[in-house]
Protein chains: 2
Amino acid sequence: MQKASDPMSVTLSALADPTRRAILARLAGGEASVGELAAPFDISLPAISRHLKVLEEAGLVSRSRNAQWRPVQLQAAPLRDVAAWIEEYRRFWDEGFDKLDALIEHLTKGDSDVSN
Amino acid sequence: MQKASDPMSVTLSALADPTRRAILARLAGGEASVGELAAPFDISLPAISRHLKVLEEAGLVSRSRNAQWRPVQLQAAPLRDVAAWIEEYRRFWDEGFDKLDALIEHLTKGDSDVSN
DNA sequence: TCATTAATTAATATAATGGTTAAATAAGGG
DNA sequence: CCCTTATTTAACCATTATATTAATTAATGA
């Protein structure tokens, strides 16, 4: 009953929140301060700060220091890993993998019931 | 403090668990019953059943009926959507986007401090 | 030094997640 | 009909996640 600590789960959990994805989208346009990132949202600054901590722990952002601001920057490496993982499933949504492929898969598996 | 209900969050939450990703990996080799899916894991059958419910609600699997078995099948459409979303970030991890690009981005943004 | 601005940490409340065991439901076969 | 097999649902519990407000830390600059 522990928290999942494998890197892929950490990354996907971090991405599984619309506020955090919106923050990443904003950072795709360049670095921003915490206050700038918080502005579009209707939630408190501490809440944004915690979202940023989640993103940082997932390696999706990094932070530096510039006077009293802490500019946040996008770090895309974990996204590359997710993209690589999901590529393994591409054949299941590409048009090449249609009902005929599914049928072949059934038959080669020795599954005699082809109806579903 | 509600549960995120947008489709992308639902999909990513479903994927953010190693047991559920292992189930999807198993299903990539063809449909399987709940019992077959549960076998490799050290957790109870009800726990697997709930994982399957999460995957089903995310549209990542579908279930049919064959006597007293409920065969589970992979449904990859939501993965296609995740792949499309993540593609938007490819340029941030591709080698084309290196420090020089970052510098250009700073300058075109009118950011005078280039040191970080 | 003190006021201001930026951001984090602390304390707290509540909801969601993920696991358990026990009971219920569904289908098949003697 | 009853027994067995397959799976889900119910009830429960511990942990994690996400939000709030209030207090704290950090840096700037009058």
Side-chain angles (χ1 to χ4, degrees), chain A residues 1-6 8-24 26-27 31-58 60-73 113 115-116, chain B residues 1-6 9-24 26-27 31-58 60-73 112-113 115-116:
Chain A
M1 250 198 269
Q2 290 187 126
K3 179 186 170 176
S5 57
D6 66 285
M8 186 65 72
S9 296
V10 170
T11 303
L12 290 167
S13 298
L15 296 175
D17 180 286
T19 300
R20 289 195 289 263
R21 289 197 308 281
I23 288 173
L24 294 182
R26 166 70 181 77
L27 291 174
E31 69 173 27
S33 69
V34 177
E36 288 170 335
L37 291 171
F41 300 104
D42 201 27
I43 59 179
S44 66
L45 206 59
I48 295 293
S49 188
R50 284 179 160 268
H51 279 304
L52 288 171
K53 195 178 180 191
V54 171
L55 289 169
E56 187 177 33
E57 283 167 355
L60 285 161
V61 304
S62 62
R63 295 144 116 171
S64 45
R65 162 77 78 170
N66 181 0
Q68 67 266 58
W69 292 273
R70 311 215 186 157
V72 183
Q73 268 192 279
D113 181 9
S115 65
N116 51 14
Chain B
M1 246 198 266
Q2 285 186 130
K3 181 185 170 177
S5 57
D6 66 285
S9 296
V10 170
T11 303
L12 290 166
S13 298
L15 296 175
D17 180 286
T19 301
R20 289 195 289 263
R21 289 198 307 282
I23 288 172
L24 294 182
R26 165 69 181 75
L27 291 174
E31 68 173 27
S33 70
V34 177
E36 287 170 337
L37 291 170
F41 301 103
D42 202 26
I43 60 181
S44 66
L45 208 58
I48 295 293
S49 188
R50 289 172 74 112
H51 279 305
L52 288 172
K53 194 179 179 189
V54 172
L55 290 170
E56 187 177 32
E57 281 167 356
L60 286 161
V61 304
S62 61
R63 294 144 116 172
S64 45
R65 160 77 77 171
N66 181 359
Q68 68 265 58
W69 291 272
R70 319 235 170 140
V72 183
Q73 269 192 278
S112 58
D113 182 5
S115 65
N116 50 14

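In what follows, chains carry the letters A, B, and so on, assigned in the order in which the sequence lines appear, proteins first and then strands, with residues in each chain numbered from 1.
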Which atom of [X] lies closest to which atom of [Y], heavy atoms considered:
{"X": "B:A14", "Y": "B:L60", "answer": "CB-CD1, 3.9 Å"}
{"X": "B:R20", "Y": "B:S13", "answer": "NH2-O, 3.1 Å"}
{"X": "A:F41", "Y": "A:I48", "answer": "CD1-CD1, 3.8 Å"}
{"X": "B:A38", "Y": "B:L45", "answer": "CB-CD1, 3.3 Å"}

On DNA chain D, nearest-nucleotide positions of A:L45 versus B:W69: which is more 5'?
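Its nearest nucleotide being more 5', the pick is B:W69.
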Tell me: [atom1] of [X] to [atom2] of [N], nearest whole Å?
{"X": "B:R20", "N": "C:dA16", "atom1": "CZ", "atom2": "P", "result": "15 Å"}
{"X": "A:I43", "N": "D:dT20", "atom1": "CD1", "atom2": "P", "result": "6 Å"}
{"X": "A:D17", "N": "D:dA17", "atom1": "CG", "atom2": "P", "result": "12 Å"}
{"X": "A:R63", "N": "C:dA7", "atom1": "CZ", "atom2": "P", "result": "10 Å"}
{"X": "A:L12", "N": "D:dT16", "atom1": "CG", "atom2": "C1'", "result": "17 Å"}
{"X": "B:I48", "N": "C:dT17", "atom1": "CD1", "atom2": "C1'", "result": "15 Å"}
{"X": "B:E36", "N": "D:dA6", "atom1": "CD", "atom2": "C1'", "result": "12 Å"}

Considering only side-chain heavy atoms of B:S44, which listed nucleotide, C:dT20, D:dT18, C:dA10, is closest?
C:dT20
Of the options C:dG19, D:dT8, D:dT18, whose atoms approach the side-chain atoms of B:V34 most closely?
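Ranking C:dG19, D:dT8, D:dT18 by closest atom to the B:V34 side chain puts D:dT8 first.
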Let's see if you get this right: which residues in residues 49-57 of chain B place a heavy atom under 4.0 Å from DNA chain C?
B:R50, B:H51
Just to verify, what does [X] make a side chain to side chain contact (heavy atoms under 4.5 Å, CB included) with, not counting sequence neighbours?
{"X": "B:V72", "answer": "B:L27, B:V34, B:L37, B:L52, B:V61, B:R63"}
{"X": "B:R21", "answer": "A:D6, A:M8, A:S9, A:L12, A:W85, B:P18"}
{"X": "B:S33", "answer": "B:E36, B:W69"}
{"X": "A:A47", "answer": "A:I43, A:S44"}

Under 4.0 Å protein heavy-atom contacts per nucleotide of nucleotides 25-30 of chain D, with B for base, S for backbone only and - for none:
-SSS--
Classify the nucleic acid contact of B:S13 as base, sugar-phosphate or nothing, counting any heavy atom under 4.0 Å across all strands shown.
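Here B:S13 touches no strand at all.
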Short side-chain to backbone donor-acceptor contact, A:R65 and A:A67, under 3.5 Å:
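Checking the backbone N and O of A:A67 against the side chain of A:R65, a donor-acceptor pair under 3.5 Å is found.
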